[in-house]
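One is the number of the first residue; the rest follow in order along the sequence. Hydrogens, waters and symmetry mates play no part in the numbers below; they use all other heavy atoms, side chains included.
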Amino acid sequence: MANPVALSPEARAEALVRLGEGELDVLVVGGGVVGAGSALDAATRGLTVGLVEARDWASGTSSRSSKLIHGGLRYLEMLDFRLVAEALKERGLLLQLLAPHLVRPVPFLYPLQHRVWERPYVGAGVLLYDTMAAASGTSSGLPHHRHMLKRQALREAPALRSDALVGAIQYWDAQVDDARHTMFLARTAAAYGALAANRTRVSRFLRQGERVVGAVVTDLETGNETEVRAKQVINATGVWTDDTQAMAGTRGQFHVRASKGVHLLVPRDRIISRTGLILRTEKSVLFVIPWGRHWIIGTTDTDWTLDKAHPALSSKDVSYLLEHVNRVLVTPLAAEDVEGVYAGLRPLLSGEAAETSKLSREHLVAHPVPGLVVVAGGKYTTYRVMAKDAVDEAARGLDEKVASCVTQRVPLLGADGYPALWNSRHSLAKRSGLHVARIEHLLNRYGSLVQELLDMVETDPSLGEPLPSSDDYLRVEAVYAVTHEGARHVEDVLARRTRISIESWDRGVDAARTVAELMAPHLEWDRAHREREVDHYLKRVAAEREAQQQPDDQTADAVRLGAPDIIPVR
């Protein structure tokens with residue numbers, strides 16, 4: 001088991017110094033799930049690795065997914081059996097071994113609306129789904145699907161209109177807090193020796209003739225530049241792939257097209273159901289996903305050509321989702337029921353399809369110029385396979401023989417010992433003085449690292465108090481986010497280390513000042529810096545709320561860009 005090193009401010013500073021010393025085997029550019037996964041893959045093969053990210057870990061697509069770890073039931077309909085089989089195997093690995101503290105089972109109800117043909121058609125698909133999962137050897141722990149009569153389905157989901165279904169099929173998939181999972185990948189990579197630094201942007205690639213031999217990275221916090229030499233560079237920048245490739249003077253062998261996926265959060269009591277829902281739309285499917293004390297409703301699938309860092313929602317997006325989900329609900333949702341919203345961009349491999357919903361979720365790996373590997377496409381669930389393929393490709397360009405991938409057997413930090421601690425949660429609550437519900441919350445976010453937080457609360461009991469207007473999260477989590485999880489700004493804590501920015505009615509406005517004060521001593525912020533952090537966060541929320549009122553993508557994007565980044569990524 002790896003020693004649980006911290007992604008502390010001091011560790012980041014040390015990583016930046018060491019990145020400039022000697023030559024790495026692999027430099028990974030991009031701190032999303034594929035980049036962090038690639039760094040972990042390379043480090044666990046015994047390679048020397050650097051991982052740099054221009055913003056925060058998971059700040060792009062990897063914190064804005066549907067939070068599902070799934071095979072992709074709809075890909076069966078597209079006859080993409082290989083992708084589904086691969087994803088179901090990964091789902092099982094994550095649930096059982098790699099991240100049981102972050103990934104958990106979730107049931108979904110598929111309402112049937114046609115009497116004769118639909119049940120055998122959908123039932124055959126779900127049976128195949130479960131059979132493929134069983135064939136992967138990693139499906140234990142998930143219940144088998146079941147057929148339901150109409151009255152059984154309505155008992156399971158009383159929120160459904162009686163005339164919206166003639167029966168149903170229930171099946172199981174899994175969900176994850178994507179931002180925390182990606183951060184844990186980066187932190188686990190660091191535990192195996194990777195040099196990880198967020199808020200560091202690649203300014204340009206270093207070349208020797210045609211060959212890429214590293215990159216110049218700029219610390220966006222200080223402006224300092226470091227030349228990082230590497231035998232191989234992996235470009236894992238998702239929707240920014242084409243931009244990064246342009247810096248290398250190569251257009252690449254494929255292109256990435258961004259598709260916007262929008263999600264809404266509503267309180268759990270607005271939809272009375274013991275199960276998630278999966279609903280058909282004209283183009284795709286719509287999920288209603290249980291998420292703590294909330295439901296996540298999503299997603300859309302529309303082409304996006306505007307700002308990649310902060311894809312904006314418009315009132316049209318909100319109306320689309322509400323309209324579709326309200327078709328099956330007894331008590332319709334109104335715009336006033338929406339607590340939080342977020343939008344992410346899927347990095348789809350560009351093809352001939354006119355609609356992004358028809359583009360491939362497969363991934364591709366290429367070596368466009370010597371020394372530079374690019375990986376793109378794919379879906380969140382298969383990040384580990386993408387990382388393996390990228391590092392395999394990089395290994396071909398290394399002189400020495402490289403060990404094969406072992407990440408299918410490498411649990412993330414916090415996974416080891418988690419089931420035993422979960423069984424001991426009542427005694428943990430008694431010892432710590434925290435309510436057992438608090439302990440469960442912490443275990444499902446930190447796993448077996450929970451003791452690090454409980455030790456901090458024992459030293460300073462005030463850290464065991466909840467954050468303002470964000471009762472699910474404790475003050476200790478804001479401190480730990482800085483000292484152990486690489487958070488550099490208030491936004492990092494409210495939007496990614498916790499999910500306060502989408503789960504609270506005020507979107508974290510009330511908690512922002514308290515979080516800034518908790519972070520300040522660990523990042524040496526003076527009063528002016530604290531005020532700047534709070535002001536930036538309040539402007540971000542205001543811009544997002546105003547964008548939500550706009551009628552279309554163009555106006556929503558213009559309004560959202562009115563709130564600049566706390567650290568501009570130039």
Side-chain angles (χ1 to χ4, degrees), residues 32-33 37 58 61-75 84 87-110 126 129-130 133 138-143 145 156-157 170-185 261-268 271 273-279 285-299 321 325 339-342 344 346 361 379-384 412 414-415 418-419 422 440-447 472 496-499 502-503:
V33 70
T61 304
S62 296
S63 60
R64 305 176 196 181
S65 74
S66 296
K67 325 294 183 211
L68 292 177
I69 296 294
H70 64 143
L73 196 56
R74 72 189 181 100
Y75 299 120
V84 175
L88 286 171
K89 180 180 179 182
E90 295 303 310
R91 183 190 72 178
L93 284 171
L94 284 160
L95 275 166
Q96 293 173 36
L97 174 68
L98 305 184
H101 56 314
L102 302 172
V103 181
R104 54 197 53 87
V106 60
F108 286 100
L109 193 74
Y110 190 115
V126 179
Y129 197 66
D130 281 353
T138 63
S139 68
S140 63
L142 280 184
H145 76 277
E156 194 75 3
Q170 189 178 50
Y171 72 99
W172 290 74
D173 253 321
Q175 71 177 172
V176 66
D177 185 329
D178 47 8
R180 291 200 62 72
H181 173 254
T182 298
M183 179 279 298
F184 262 107
L185 280 169
V262 168
H263 301 80
L264 313 179
L265 274 83
V266 300
R268 197 68 180 265
I271 301 174
S273 177
R274 291 196 294 267
T275 179
L277 304 172
I278 176 171
L279 310 170
V285 293
L286 187 74
F287 285 100
V288 180
I289 306 161
W291 180 258
R293 294 197 280 185
H294 320 268
W295 295 99
I296 294 175
I297 301 169
T299 179
L321 289 175
V325 77
E339 294 173 285
V341 300
Y342 65 94
R346 302 175 193 83
R361 299 310 303 274
K379 59 200 291 273
Y380 194 103
T381 304
T382 56
Y383 79 89
R384 195 193 64 80
L412 300 192
Y418 162 76
W422 180 259
E440 290 175 356
H441 160 92
L442 293 172
L443 281 169
N444 283 332
R445 289 169 50 72
Y446 304 92
D472 284 345
R496 287 174 288 278
R497 302 308 180 279
T498 70
R499 306 321 290 265
I502 57 172
E503 292 175 354

Undergrad: Would you say Asp173's side chain and Leu68's backbone share a donor-acceptor pair under 3.5 angstrom?
TA: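 Between the backbone of Leu68 and the side chain of Asp173 there is no qualifying donor-acceptor contact (under 3.5 Å).
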Undergrad: Test of understanding: with ring-ring contact (aromatic ring centres under 6.0 Å, His included), list the residues that count as partners of Tyr110, not counting sequence neighbours.
TA: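 None.
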Undergrad: Can you tell me how far the OH atom of Tyr171 sits from the CG atom of Leu73, to the nearest 0.5 Å?
TA: 5.0 Å
Undergrad: Does any part of the side chain of His263, heavy atoms only, come nearer than 4.5 Å to the side chain of Ile289, both counted from C-beta?
TA: no
Undergrad: Between Leu321 and Ile297, which heavy-atom pair has the shortest distance, and what is it?
TA: CD1-O, 3.8 Å
Undergrad: Check whether any side-chain heavy atom of Pro290 sits under 4.5 Å from a side-chain heavy atom of Arg274, and report yes or no.
TA: no
Undergrad: With side chains defined as the heavy atoms from C-beta onward, is the minimum distance between Leu265 and Tyr342 less than 4.5 Å?
TA: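 Contact flag for Leu265/Tyr342 side chains = yes.
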Undergrad: Going by heavy atoms in the side chains, are Phe287 and Ile296 under 4.5 Å from each other?
TA: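 No, side chains not in contact.
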Undergrad: Quick check for you: to the nearest 0.5 Å, what is the distance between Leu102 atom CG and Gln175 atom CD?
TA: 11.5 Å
Undergrad: Quick check against the 3.5 Å criterion: does Arg268 have a side-chain atom that pairs as donor or acceptor with the backbone of Gly292?
TA: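 Judged by distance alone, yes, a pair lies under 3.5 Å.
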Undergrad: Start with the C-alpha distance between Gln170 and Glu156, add both sets of side-chain angles, then the distance that settles side-chain contact (heavy atoms from CB on, under 4.5 Å), and finish with yes or no.
TA: CA-CA 10 Å; Gln170 189 178 50; Glu156 194 75 3; 3.3 Å; yes
Undergrad: Going by heavy atoms in the side chains, are Leu93 and Arg384 under 4.5 Å from each other?
TA: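 In contact.
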Undergrad: With no hydrogens and no angle check, is any side-chain donor or acceptor of Arg445 less than 3.5 Å from a backbone partner on Arg497?
TA: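 Checked: pair present.
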Undergrad: Taking Thr381 for its side chain and Ala87 for its backbone only, find out whether a donor-acceptor pair lies under 3.5 Å.
TA: no
Undergrad: Applying side-chain hydrogen bond (donor to acceptor under 3.5 Å, both in side chains) between Asn444 and each of Arg180, Arg104, His101, report the one that passes.
TA: Arg104
Undergrad: List the atom of Glu339, the atom of Pro267, and the distance in Å for their closest heavy-atom pair.
TA: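 The pair with the smallest heavy-atom distance is OE1-N, 3.0 Å.
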Undergrad: Going from OG1 on Thr382 to CG on Leu88, what distance comes out if it is rounded to the nearest 0.5 angstrom?
TA: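 Output value for this atom pair is 11.5 Å.
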Undergrad: Could you measure the distance from the NZ atom of Lys379 to the OG atom of Ser66? Nearest 0.5 Å is fine.
TA: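 Rounded to the nearest 0.5 Å, the NZ-OG separation comes to 10.5 Å.
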Undergrad: How about Tyr383 and Leu185: do any of their side-chain heavy atoms sit closer than 4.5 Å?
TA: yes
Undergrad: Lys67: which residues meet the side-chain hydrogen bond (donor to acceptor under 3.5 Å, both in side chains) condition with it, sequence neighbours left out?
TA: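 Here the qualifying residues are Asp178.
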Undergrad: What is the minimum heavy-atom distance between Leu142 and Pro105, and which atoms define it?
TA: CD2-CB, 3.4 Å
Undergrad: Please report the closest heavy-atom contact between Leu277 and Ala157, naming both atoms and the distance.
TA: CD2-CB, 4.3 Å
Undergrad: Is it true that the side chains of Glu503 and Trp291 contain a donor and an acceptor less than 3.5 Å apart?
TA: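 Side chains of Glu503 and Trp291: pair found under 3.5 Å.
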Undergrad: Donor-acceptor pair, Tyr380 side chain versus His70 backbone, under 3.5 Å?
TA: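 No, Tyr380 side chain to His70 backbone: no donor-acceptor pair under 3.5 Å.
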Undergrad: Show the nearest heavy-atom pair for residues Val325 and Val288, with the distance to one decimal.
TA: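 Here Val325 and Val288 meet closest at CG2-CG2, 3.7 Å.
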Undergrad: Less than 4.5 Å apart, any side-chain heavy atom of Val84 and any of Tyr129?
TA: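 Answer yes - side chains close enough.
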Undergrad: Quick check: closest heavy atoms across His181 and Ala99, and the distance to 0.1 Å?
TA: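 The pair with the smallest heavy-atom distance is CD2-CB, 4.3 Å.
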